[in-house]
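Note sheet for the following structure.
We're numbering straight along the sequence, starting at 1.
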Amino acid sequence: MAQRENPQSSSRKTILVLASSPTNEARLRLDKQMREIDEGLRRSQQREKFTLQQRWAVRPDDLRRALLDFNPEIIHFCGHGSGDDGLVLQDDAGKAQLVPTEALVNLFKRFATRGLECVVLNACYSEIQASAIAQHINYVVGMNSKIGDDAAIKFAVGFYE
């Protein structure tokens with residue numbers, strides 16, 4: 001008798017990379033980070049289990065829409081964090097717009113029931129948001145201090161390889 005394959009093992013998980021580097025903040029090399037994440041996944045032995053999606057110059061509404069469009073299992077945010085004040089996305093003019101921790105928690109909480117398993121906040125001082133999000137999402141990574149561009153890229157590469 002043939003054994004049925006576990007449907008979870010054959011389905012691909014979606015990694016949604018959300019990138020934001022407002023024009024009035026320090027420039028980040030998000031293009032390099034994205035390229036390195038993509039290459040890291042390609043080198044991974046588990047590469048066939050993942051689909052990589054991306055959104056750039058993310059505004060608050062873009063964040064919600066991308067979650068609805070892709071229903072990802074993994075979210076990877078790369079950009080600026082500001083500790084107690086939240087994560088830095090962009091407004092319609094490309095300038096910094098803070099998204100408070102509570103708003104992020106409420107959004108991710110809704111998607112926890114839809115399969116969101118992991119949130120990576122590759123941004124300075126994002127530990128506060130990570131701790132709050134971890135109340136609803138099983139795996140959350142945040143940074144407890146400032147992180148330079150090169151270090152953020154190396155972290156992302158290591159995480160996905």
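- The backbone N or O of Phe50 sits less than 3.5 Å from a side-chain atom of Arg12, completing a donor-acceptor pair.
- Phe70 CZ to Ile75 CD1: the interatomic distance, rounded to the nearest 0.5 Å, is 11.5 Å.
- Crowding of Glu39 atom CD: a count of heavy atoms from other residues, nucleotides or ligands under 6.0 Å exceeding 12.
- Under the side chain to side chain donor-acceptor pair (under 3.5 Å) criterion, no residue pair touches residues 133-143, with sequence neighbours excluded.
- The two residues Ile15 and Tyr160 make their nearest non-hydrogen contact at CD1-CE2, 3.7 Å.
- The cluster map of Ile, Leu, Val, Met, Phe, Trp and Tyr, joined by side-chain heavy atoms under 4.5 Å apart, puts Leu30 and Val120 in the same cluster.
- In this structure, Asp149 contributes its side chain and Arg29 its backbone to a donor-acceptor pair below 3.5 Å.
- A salt bridge is absent between Arg35 and Asp31; no separation between the charged side-chain nitrogens and carboxylate oxygens falls under 4.0 Å.
- No chain of hydrophobic side-chain contacts below 4.5 Å, direct or via other Ile, Leu, Val, Met, Phe, Trp or Tyr residues, connects Leu41 to Phe77.
- With hydrogens and angles ignored, the 3.5 Å screen pairs no side-chain donor or acceptor of Arg110 with any backbone N or O of Leu107.
- Across Ile147 and Ala123, no two heavy atoms sit closer than the pair CG2-C, 4.1 Å.
- Taken together through direct or relayed side-chain contacts under 4.5 Å among Ile, Leu, Val, Met, Phe, Trp and Tyr, Ile74 and Val141 form part of one hydrophobic cluster.
- No single ILVMFWY cluster, assembled from side-chain heavy atoms under 4.5 Å apart, contains both Phe108 and Ile128.
- Proximity of a side-chain donor or acceptor of Asp38 to a complementary backbone N or O of Met34 within less than 3.5 Å is not detected.
- For the atom pair Leu89 CG and Gln97 CD, the distance stands at 7.0 Å (nearest 0.5 Å).
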side-chain contact (heavy atoms from CB on, under 4.5 Å) between Val17 and Cys78, worked out: CA-CA 7 Å; Val17 178; Cys78 46; 3.9 Å; yes
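- Of the possible donor and acceptor atoms, none in the side chain of Ser82 sits under 3.5 Å from a partner among the backbone N and O of Leu87.
- Tested against Lys13, the residues Glu73, Glu117, Gln46 include a single side chain to side chain donor-acceptor pair (under 3.5 Å) partner, Glu117.
- Atom CZ of Phe155 and atom CG of Asp150 lie 15.0 Å apart (nearest 0.5 Å).
- For the 3.5 Å distance criterion, the side chains of Gln53 and Thr14 fail to qualify, holding no donor opposite an acceptor.
- Of all heavy-atom pairs spanning Cys118 and Ile137, the tightest one is N-CG2, 3.8 Å.
- For the 3.5 Å distance criterion, the side chains of Gln33 and His76 qualify, holding a donor opposite an acceptor.
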Donor-acceptor contacts under 3.5 Å from residues 58-65 side chains, at least two apart:
{"unit_1": "Arg59", "atom_1": "NE", "unit_2": "Asp62", "atom_2": "OD2", "d": "2.8"}
{"unit_1": "Arg59", "atom_1": "NH1", "unit_2": "Asp92", "atom_2": "OD1", "d": "3.1"}
{"unit_1": "Arg59", "atom_1": "NH2", "unit_2": "Asp62", "atom_2": "OD1", "d": "2.9"}
{"unit_1": "Asp62", "atom_1": "OD2", "unit_2": "Arg59", "atom_2": "N", "d": "2.9"}

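- Side-chain atoms of Thr101 never come within 3.5 Å of backbone atoms of Gln129 as a donor-acceptor pair (strictly under, hydrogens ignored).
- Met143 and Val119 are members of different hydrophobic clusters when ILVMFWY side chains are connected at heavy-atom separations under 4.5 Å.
- With Gln90 contributing its side chain and Ser21 its backbone, the two residues share a donor-acceptor pair below 3.5 Å.
- Residue Gly142 comes nearest to Ser126 through the heavy atom pair CA-OG, 3.5 Å, listed as atom of the first residue, atom of the second, then distance.
- Within the 3.5 Å criterion, the main-chain N or O of Glu127 finds a donor-acceptor partner in the side chain of Ser131.
- Listed here is the closest heavy atom pair of Ser20 and Leu28: O-CD1, 4.4 Å.
- Although no hydrogens or angles enter the test, the distance criterion places no donor-acceptor pair under 3.5 Å between the side chain of Asn24 and the main chain of Lys95.
- Closest approach of Val105 and Ala132 over heavy atoms only: CG2-CB, 3.4 Å.
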